Amino acid sequence: MSSQNAQKPPSRGLVTGVVVFYLVAALSMVMANKWVLNTTEAPLFFLFTQLVIAVVLFVVSDTLKMLPDKLTFDVNVCKGLVAMVSLNVIGLSFSNYTLKYVDASFYQVARGLVLPFTVGTSFIMLNARPSLRILFSCGIVTMGFFIGVFLDGTPLSLVGIFFGVVSSAITAIHSVVIKQSLSVVNGSALLLSWYTNLLSAFVLIPVIILAGETAEIMKLFFGADELLRNSEQMSALTTFIWGSIITGALGFMMSIASLLSIKVTSPITHMISSAVRGVAASVLGMWLFHDIITSGRASSIAVILLGSIYYTWVKHIESQSLASSTVAYERVKMEDVESGPQRNSHSKPE
């Protein structure tokens, strides 16, 4: 019966397609973000336009009945997602600032402490005690981060590193809060993505004003750059518009693809694709933006990826052993239920 009811594993072609799409989309997001951030001093407004485009695509897809869940808007749900939306806005903002101040090839190093922060946050907030092997993998990742910071060999922005560390910590807390926020939307990751994009866009409006980006926005749309630029050079406004459309669309598609990725790929497959993405981002950064890949930076990326892959392998092994021990425990328990009273009735004196 169990074999008949078991779902068929996803085909190799489907898994490959999802992984390749997620890999290409994530790389395109980073490179397009860096392309725009190199030409604008309004990273928060850029983030706002990305969210608005994603929200519009959500509405269009819902209107065409292309989504598995019907989009809703409930004030009580919004209240329940205040913590998550706040963390999302702070995390994305700091992530954009990180990419603005560091090279595209150094971005992964600057945000290299996501894994150690996530393990620490899970221990504090969820009482998830890590094993020694998990702590060892976090130590490897942390060592890779410090190799990149101290042995890179090129001038680094301390502001960019600061934003990278803080955004890593926010991402770690955000990943824990996501698990708690899913219950607010009845476990629908799609609705959670919809509410997060919509509410984050609204929250960013006053933040943009308080951050003083209004003058930069006016300069972007009504400045003299269009008149002074070379005829063969793309203006800052054109770059901003195209970058917003591309990254907004990619962000929407990635939110949809992530749902499929969870269903058809294993954690190890996902981590290996992340490792490939990290290496490819460094190569593309060197090619597109003429980043300098020093031996220190290459070593840092390699050590961070090694620690991340080791962590994923350890978690996979631990989850398998936990599942097998749970099954074994339940089997013994059922046998005790069936045979225990009979043994007691024979051994018990009348």
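Side chains are part of it too, since the values below use all heavy atoms of this structure and drop only hydrogens, waters and symmetry mates. Remember, predicted model here, so these are calculated numbers, not experimental data.
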Out of curiosity, [X] [atom1] to [Y] [atom2], how far, rounded to the nearest 0.5 Å?
{"X": "Leu250", "Y": "Ser28", "atom1": "CG", "atom2": "OG", "result": "5.5 Å"}
{"X": "Gln108", "Y": "Leu305", "atom1": "CD", "atom2": "CG", "result": "5.0 Å"}
{"X": "Phe46", "Y": "Leu92", "atom1": "CZ", "atom2": "CG", "result": "11.5 Å"}
{"X": "Leu47", "Y": "Leu51", "atom1": "CG", "atom2": "CG", "result": "4.5 Å"}
{"X": "Leu81", "Y": "Ser181", "atom1": "CG", "atom2": "OG", "result": "5.5 Å"}
{"X": "Met218", "Y": "Leu220", "atom1": "CE", "atom2": "CG", "result": "10.5 Å"}

Hydrophobic clusters here meaning ILVMFWY residues chained together by side-chain heavy-atom distances under 4.5 Å, can you tell me if [X] and [Y] are in one?
{"X": "Ile90", "Y": "Phe48", "result": "yes"}
{"X": "Trp194", "Y": "Val82", "result": "no"}
{"X": "Met29", "Y": "Met31", "result": "yes"}
{"X": "Leu27", "Y": "Trp287", "result": "yes"}
{"X": "Leu67", "Y": "Val55", "result": "yes"}

Are [X] and [Y] close enough that some pair of their side-chain heavy atoms sits under 4.5 Å apart?
{"X": "Met143", "Y": "Val303", "value": "yes"}
{"X": "Ser122", "Y": "Val176", "value": "yes"}
{"X": "Phe58", "Y": "Ser193", "value": "yes"}
{"X": "Ser93", "Y": "Leu204", "value": "yes"}
{"X": "Tyr311", "Y": "Arg133", "value": "no"}
{"X": "Val85", "Y": "Tyr195", "value": "no"}
{"X": "Val36", "Y": "Trp242", "value": "no"}
{"X": "Leu156", "Y": "Thr154", "value": "yes"}

Between Ser131 and Glu318, does any side-chain donor sit less than 3.5 Å from a side-chain acceptor?
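A pair is found: one side chain offers a donor N or O, the other an acceptor, under 3.5 Å apart.
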Between Asn88 and Thr196, is there a side-chain donor-acceptor contact under 3.5 Å, judged purely by atom types and distance?
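No pair is found: no donor N or O on one side chain lies under 3.5 Å from an acceptor on the other.
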Could you tell me whether Glu41 and Lys219 make a salt bridge, using a distance below 4.0 angstrom between a side-chain N and a carboxylate O?
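Salt bridge: no.
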If a pair satisfies ring pair (Phe, Tyr, Trp, His ring centres under 6.0 Å) and one of its residues is in residues 61-117, list it, with sequence neighbours excluded.
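Pairs touching residues 61-117 that pass the test: Phe94-Phe163, Tyr97-Phe163.
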As a quick check of understanding, evaluate side chain to side chain contact (heavy atoms under 4.5 Å, CB included) for Val141 and Phe145, giving each step before the final call.
CA-CA 6 Å; Val141 171; Phe145 170 78; 5.8 Å; no
For [X] and [Y], which heavy atoms make the closest approach, and how far apart are they?
{"X": "Pro130", "Y": "Val119", "value": "CB-CG1, 3.8 Å"}
{"X": "Val314", "Y": "Ile134", "value": "CG1-CD1, 3.6 Å"}
{"X": "Ala42", "Y": "Ile217", "value": "CB-CG1, 4.4 Å"}
{"X": "Ala201", "Y": "Val52", "value": "CB-CG2, 4.4 Å"}

Report, as yes or no, whether the 6.0 Å neighbourhood of atom [atom1] on [X] holds more than 12 heavy atoms from other residues, nucleotides or ligands.
{"X": "Phe202", "atom1": "CZ", "result": "no"}
{"X": "Leu132", "atom1": "CG", "result": "no"}
{"X": "Phe146", "atom1": "CZ", "result": "no"}

Stepwise side chain to side chain contact (heavy atoms under 4.5 Å, CB included) check, Ile292 with Thr294
CA-CA 6 Å; Ile292 300 174; Thr294 63; 3.9 Å; yes
When you measure from the side chain of [X] to the backbone N and O of [Y], does any donor-acceptor pair fall under 3.5 Å?
{"X": "Asn33", "Y": "Thr247", "answer": "no"}
{"X": "Lys100", "Y": "Leu37", "answer": "yes"}
{"X": "Ser300", "Y": "Gly296", "answer": "no"}

I'd like to know whether Val207 forms a side chain to side chain contact (heavy atoms under 4.5 Å, CB included) with Leu44, so could you lay out the CA-CA distance, the side-chain angles of the two residues, the decisive distance to 0.1 Å, and finally the verdict.
CA-CA 8 Å; Val207 175; Leu44 295 181; 3.9 Å; yes
Between Thr239 and Trp35, does a side chain to side chain contact (heavy atoms under 4.5 Å, CB included) hold up when you go through it step by step?
CA-CA 8 Å; Thr239 301; Trp35 175 49; 3.5 Å; yes
My understanding is that only one of Thr63, Val56, Asp62 makes a side-chain contact (heavy atoms from CB on, under 4.5 Å) with Val60; could you say which?
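Per the side-chain contact (heavy atoms from CB on, under 4.5 Å) rule, the option paired with Val60 is Val56, out of Thr63, Val56, Asp62.
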Asp103 and Arg297: CA distance, side-chain angles, deciding distance, salt bridge (charged side-chain N to carboxylate O under 4.0 Å, His left out) verdict
CA-CA 11 Å; Asp103 294 339; Arg297 183 174 300 187; 3.3 Å; yes
For a side-chain hydrogen bond (donor to acceptor under 3.5 Å, both in side chains) check, start with the C-alpha distance between Asn197 and Gln50, then their side-chain angles and the critical distance, and finish with the verdict.
CA-CA 9 Å; Asn197 281 277; Gln50 291 175 316; over 6 Å; no
Could you walk me through whether Arg111 and Thr98 satisfy the side-chain hydrogen bond (donor to acceptor under 3.5 Å, both in side chains) test, starting with their C-alpha distance in whole Å, then the side-chain angles of each, then the deciding distance to 0.1 Å, before giving a yes or no?
CA-CA 8 Å; Arg111 285 178 43 84; Thr98 303; 6.0 Å; no
